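Okay, so here's the structure we're looking at.
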Amino acid sequence: MSSSWPAGPRRVLVVGIDGVRLDLLPELDTPHLDAVAAAGFLAPVEVDDATPTMSGPCWATIVTGVGVAKHGVFGNHLGGNRLDVFPDFTTRLAAVHRRRTFAAGGWEPLFLARQGGPLFAAPGRLSYIAPLEDTPQAWEVCDERVTAEAVYVLGSDDDPQASFVYLGAVDETAHFLGCGEEYRQSIRTADERLGRLLAAVRARPGYAEEEWTVIVVTDHGHLDQGGHGGRSTLERTAWVAAFGPGIEPGAPVLTVRHPDVAAHVYAALGITPDPHWTLDGRPFTPALARV
């Protein structure tokens, strides 16, 4: 017997695509990301001065809603973190609000007790699918399997109310091959996988009665030759795209920051954060709401 509260109509899907450069998106055929943006917005995100442009600290900020000074993740080894105090949204929602949650991906420290992890400590359902080796090709296979698993879970009776799906092949391709044609093709492939996730949501039997928020986010950029961790504009520039209730299609939003992602997840589910959570983010806010 489930101990979860009745689901209600609200659902959230967050898709994290690692290492996608914002400046290249206008050149690429990414119809599914374009559709998300058209139904809501796509906005640049600047990785702040305190945060290394590395996956560990950036993803920690995205999914906890607090910055590095609080969550304590400063590199791709997550050791010394304070994630027990500032948990990711799938863990907090499952523990505090008894919501069904789901997280899936293939990068070890996000999902396993390795390299100081896991970042996702205790979602209601977790799917870790390891790449067979650390190569772009193996990561494409990994992301394909992660996508298939997420498509299954999103359409199943498990019915997660908040999900996070991590795709890592784009970042891996940049590290090995730079930001040339192979990198661009990996972005196109990631967009196709995003399309399959969106199709799985739309195919749900109860979709017409549900209220879905979808957030697509990247953590950092890349240098032309591949690589990140520095303070250049290319490395510090990330982005968020989102649609859902309360987000007016095409309307400008106030400056978006990485901590805002988790804050918006809570807002989309109708949850008012406890002041003791001391979130650093705020829900995505229309620019016209500026006072």
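Note that the structure is a prediction, hence the values are computed from the model and not measured. FYI, the numbering just counts along the sequence from 1.
A salt bridge links Arg204 with Glu210: at least one charged nitrogen is closer than 4.0 Å to a carboxylate oxygen. By the 4.0 Å N-to-carboxylate-O rule, Arg196 lies close enough to Glu144 to be salt-bridged with it. Looking at Asp280 and Lys70, a side-chain N of the basic residue comes within less than 4.0 Å of a carboxylate O on the acidic one, giving a salt bridge. With respect to Arg188 and Asp191, no salt bridge is recorded, no charged nitrogen being found less than 4.0 Å from a carboxylate O. Between Asp274 and Arg92, none of the side-chain N atoms (NZ, or NE/NH1/NH2) sits under 4.0 Å from a carboxylate O, so this pair counts as no salt bridge. Ion pair Arg257/Asp48 not flagged as a salt bridge, since none of the NZ, NE, NH1 or NH2 atoms sits closer than 4.0 Å to an Asp/Glu carboxylate oxygen.
Panel note: side chain Asn76, backbone Met54; no donor-acceptor pair is recorded below 3.5 Å. Although no hydrogens or angles enter the test, the distance criterion places a donor-acceptor pair under 3.5 Å between the side chain of Ser156 and the main chain of Val153. In terms of modelled atom types and a separation under 3.5 Å, the side chain of His228 and the main chain of Thr53 share a donor-acceptor contact. Using a distance-only test at 3.5 Å, with no hydrogens or angles considered, a donor-acceptor pair links the side chain of His222 to the main chain of Gly227. Looking only at distances, a side-chain donor or acceptor of Glu235 sits under 3.5 Å from a matching main-chain atom of Gly229. Proximity of a side-chain donor or acceptor of Ser232 to a complementary backbone N or O of Gly230 within less than 3.5 Å is not detected. Listed for the Thr91 side chain is a donor-acceptor partner under 3.5 Å among the backbone atoms of Ala122. Between the side chain of Arg99 and the backbone N or O of Val96 there is no donor-acceptor pair closer than 3.5 Å. Side-chain atoms of Thr147 come within 3.5 Å of backbone N or O of Asp143 as a donor-acceptor pair. Under the 3.5 Å distance criterion, the side-chain polar atoms of Thr213 are left unmatched by any main-chain donor or acceptor of Gly244.
Looking at Val20 and Asp171, their side chains never come closer than 4.5 Å, going by heavy atoms from C-beta outward. Using a 4.5 Å heavy-atom threshold, the side chains of Val141 and Pro131 count as separate. Inter-residue side-chain proximity for Asp49 and Arg236 is flagged as met; some heavy-atom pair is nearer than 4.5 Å. Put simply, the side chain of Glu209 does not reach to within 4.5 Å of the side chain of Glu211, judged on heavy atoms. A heavy-atom distance below 4.5 Å is not found between the side chains of Pro160 and Thr101.
A search for side chain to side chain contact (heavy atoms under 4.5 Å, CB included) contacts involving Phe74 returns Val68, not counting sequence neighbours.
Under the 6.0 Å cut-off for aromatic ring centres, Phe164 and Trp59 qualify, their centroids lying closer than that. When ring centroids are compared, His264 and Phe284 come within the 6.0 Å threshold.
Of all the heavy atoms in Val165 and Ala150, the pair that sits closest is CG2-CB, 3.8 Å. Residues Ala162 and Leu93 come closest through the heavy atom pair CB-CD1, 3.6 Å. Contact record, Cys179 with Ala174: SG-CB, 4.2 Å, taken as the closest heavy-atom pair. A pairwise comparison of heavy atoms in Gly75 and Pro57 identifies O-CD, 3.4 Å as the closest pair. The two residues Ser186 and Thr173 have their closest heavy-atom pair at OG-OG1, 3.7 Å.
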Chi angles and distances behind the side chain to side chain contact (heavy atoms under 4.5 Å, CB included) call for Val47, His258: CA-CA 8 Å; Val47 178; His258 274 154; 4.1 Å; yes

Step-by-step side chain to side chain contact (heavy atoms under 4.5 Å, CB included) determination, Glu140 to Thr189: CA-CA 9 Å; Glu140 293 289 358; Thr189 303; 3.8 Å; yes

Criterion salt bridge (Lys or Arg N to Asp or Glu O under 4.0 Å) on Asp224 and Arg21, from CA distance to verdict: CA-CA 10 Å; Asp224 286 339; Arg21 277 178 42 172; 2.7 Å; yes

Verdict with supporting geometry, Val12 and Gln161, side chain to side chain contact (heavy atoms under 4.5 Å, CB included): CA-CA 6 Å; Val12 180; Gln161 294 159 311; over 6 Å; no

Audit row: Tyr166, Val15, side chain to side chain contact (heavy atoms under 4.5 Å, CB included) steps and yes/no: CA-CA 6 Å; Tyr166 172 84; Val15 181; over 6 Å; no

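Of the N and O atoms on the side chains of Ser127 and Glu149, at least one donor lies less than 3.5 Å from an acceptor on the other residue. A side-chain N or O of Ser55 and one of Asp18 form a donor-acceptor pair less than 3.5 Å apart.
Residue-environment remark: CZ (Arg184) exceeds the threshold of 12 foreign heavy atoms within 6.0 Å.
To the nearest 0.5 Å, the span separating CZ on Phe120 from OG1 on Thr90 amounts to 5.5 Å. Rounded to the nearest 0.5 Å, atoms OH (Tyr266) and NE2 (His97) are 7.5 Å apart. In this structure, CG in Leu83 is found 6.5 Å from CG in Leu78, a value given to the nearest 0.5 Å.
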